[in-house]
Amino acid sequence: MNNISVAIIGGDLRFVRLCKLLIEKGIDVSVYGINHPDIPKEVKVCSSLNEIKTCPYIIGPIPFSKDNKCVYTPMSNLYISIEQFFLAAANSYVLGSVLNQELRDLFNKHHIKWKDILEMDEIAILNAIPTAEGAIQYAMQNSEITLHDSKCLVLGFGRCGKILAHKLQGLGARISVEARSTIDLSYISTYGYTAIPLYELNKHLGKFDFIFNTIPVIILDQQAIDLFKSDVVYIELASTPGGIDTKYAQQKSIRHVPAPSLPGIVAPKTAANILYQCLLLILRNQGANL
Ligand code: NAP
C-alpha cells in the first residue's frame, strides 16, 4: 500500500479498466457515478459524493461534461450536477478533460485545482492511436467501398490528424490533409499527402469519399456542404461543436457519423493504460514515490 487515494467520478468503460490498474499498483480507489460488474471488489463504491471529499485526487470522465451542467456519467443513472461536484471536490486536485473556458472559469471560481489531461501532449498523442483506429472502424462500417484507393480528406493536422493520416496511408487510401499553418502544409506534402490550405478547401471538397474532421470549429458551412459528393461519409471526431453545420448536413442527407469518445469505446483497455500512465506522471510530478 502506498497511501495514495484516487476517486473516479463518472466515465465510460476505460475508467472501469483503470480501476484494476490502480488497485494493482496499491492505490486506494473510490468510485461514484459508474457501475459495472468488472469493478474490482477492492474498490470502494460510494453511495454519495460526500464520501469522496477526502480524496486528494479526483479523475473526472472524458469529456468531463457534455453540457456544462452535469458530470458525464454514461455508465450510471446518477445525475451529478457540476455544482454538487464542486462542493465535494473543494480540497482535491481534479484531473478533467475537454474542459472548455466556461468549465475552467467555474473551477477557478470555486478555487479548485484542476488539470485538463487531454492537453498533455504525452497523453493526447497516445490517445490519438485508438481514436484513429476507431475512426477507421466507423468509416468502414458506414461505407460500401474499401478505404484502399478511396479519396480521404483529413481536416486538421494536430495530434489526431497526423496519426489518422498515417494509418489511412497504411491502408492504401489516397490522402489529402487540410491545415492552416504553412509549416503543417510543408509536413503534409513531405509525408506524401496532398496538402490543402484552409483558404482553398472549397475548391477540393467535391472529390472525397471520406472526410474525417479533427477541428473543433465549424469550418464547413452550407456553401461547403453543397460541394460534397452525395455519398461522402463524414466522420466527426472533434469535440463540440464539431467542424460542420450539422443541421444543414442532415437536411442534405449527408452521411454524418458522430464519433465521440472513441478510445473508451473501441479500446477501453488501451485507453485505461494511457490514463494510468498519465496519472502516474502527475502523481510523480507531485512527489509521490511510485
Ligand atoms: P489538436 O492537436 O489541437 O489539433 C486540432 C487541429 O484543429 C489543428 O490542426 C488546429 O490547427 C486545427 N484548428 C483548431 N482551430 C482551428 C480553426 N479555428 N480553424 C482551422 N483549424 C483549426 O487536437 P487533437 O488532439 O488532434 O484533437 C482534435 C479534436 O478531436 C479535439 O476536439 C479533441 O477534443 C477531439 N478528440 C476526439 C476524440 C474522439 O474519440 N472522437 C479523441 C481525441 C480527441 P492549428 O494547429 O493551426 O491550430
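Indexing begins at 1, ligand by ligand and atom by atom, following the structure's order. Everything quoted here is computed from the prediction, not taken from an experiment.
- Ring planes of Tyr193 and Phe157: perpendicular class, angle over 60° (limits at 30 and 60°).
- When heavy-atom distances to ligand 1 are checked against a 4.0 Å cut-off, Ser261 comes that close only through its backbone atoms N, CA, C and O.
- At a heavy-atom cutoff of 4.0 Å, ligand 1 is contacted by both the backbone and the side chain of Leu262.
- Considering only non-hydrogen atoms, atom 25 (O) of ligand 1 lies nearest to Arg159 out of Arg159, Glu178, Glu236.
- Ion pair Asp38/Lys20 not flagged as a salt bridge, since none of the NZ, NE, NH1 or NH2 atoms sits closer than 4.0 Å to an Asp/Glu carboxylate oxygen.
- Tyr234 and Phe228 have parallel rings, their planes meeting at less than 30° on a 0 to 90° scale where 60° marks the start of perpendicular.
- Summarising the local packing, CD of Gln223 is surrounded by 12 or fewer heavy atoms from other residues, nucleotides or ligands at distances under 6.0 Å.
- The shortest contact between atom 44 (C) of ligand 1 and any protein heavy atom is with Cys160 SG, 3.7 Å.
- Among protein heavy atoms, the minimum distance from atom 4 (O) of ligand 1 is reached at Gly158 CA, 3.4 Å.
- Taking any N or O of Asn127, backbone or side chain, none lies under 3.5 Å from an N or O belonging to ligand 1.
- Judged by distance alone, the side chain of Glu51 and the main-chain N or O of Ser48 form a donor-acceptor pair under 3.5 Å.
- Considering each of Ile265, Ile215, Thr214, the one bringing a non-hydrogen atom nearest atom 21 (N) of ligand 1 is Ile215.
- In Ala259, the part holding a heavy atom less than 4.0 Å from any atom of ligand 1 is the backbone.
- When each atom of ligand 1 is checked for a heavy atom of Pro263 under 4.0 Å away, the hits are 40 (O).
- Taking distance alone, with nitrogen or oxygen atoms compared against 3.5 Å, Val98 stays at or beyond that limit from ligand 1.
- With a heavy-atom cut-off of 4.0 Å, Pro260 touches ligand 1 through its backbone alone.
- In terms of protein heavy atoms, atom 33 (C) of ligand 1 is closest to Ser239 OG, 4.1 Å.
- Checking Asp105 against Gln101 by side-chain atom types alone, a donor-acceptor pair falls below 3.5 Å.
- The shortest N or O to N or O distance between Arg180 and ligand 1 is under 3.5 Å.
- A salt bridge is defined here as a Lys NZ or Arg NE, NH1 or NH2 lying under 4.0 Å from an Asp or Glu carboxylate O, and Arg104 with Glu119 meets this definition.
- Here the options are Leu99, Leu106, Ile82, Asn100, the test is side chain to side chain contact (heavy atoms under 4.5 Å, CB included), and the partner is Asn68; only Asn100 passes.
- Cation-pi contact between Lys151 and Phe208: absent, since separation from the ring centre below 6.0 Å together with deviation from the ring axis within 45° is not met.
- Between Ile125, Thr131, Asp116, it is Thr131 that holds the heavy atom closest to atom 38 (C) of ligand 1.
- Residue Val217 has no N or O atom closer than 3.5 Å to an N or O atom of ligand 1.
- In terms of protein heavy-atom proximity, atom 35 (C) of ligand 1 is nearest to Leu237 O, 3.5 Å.
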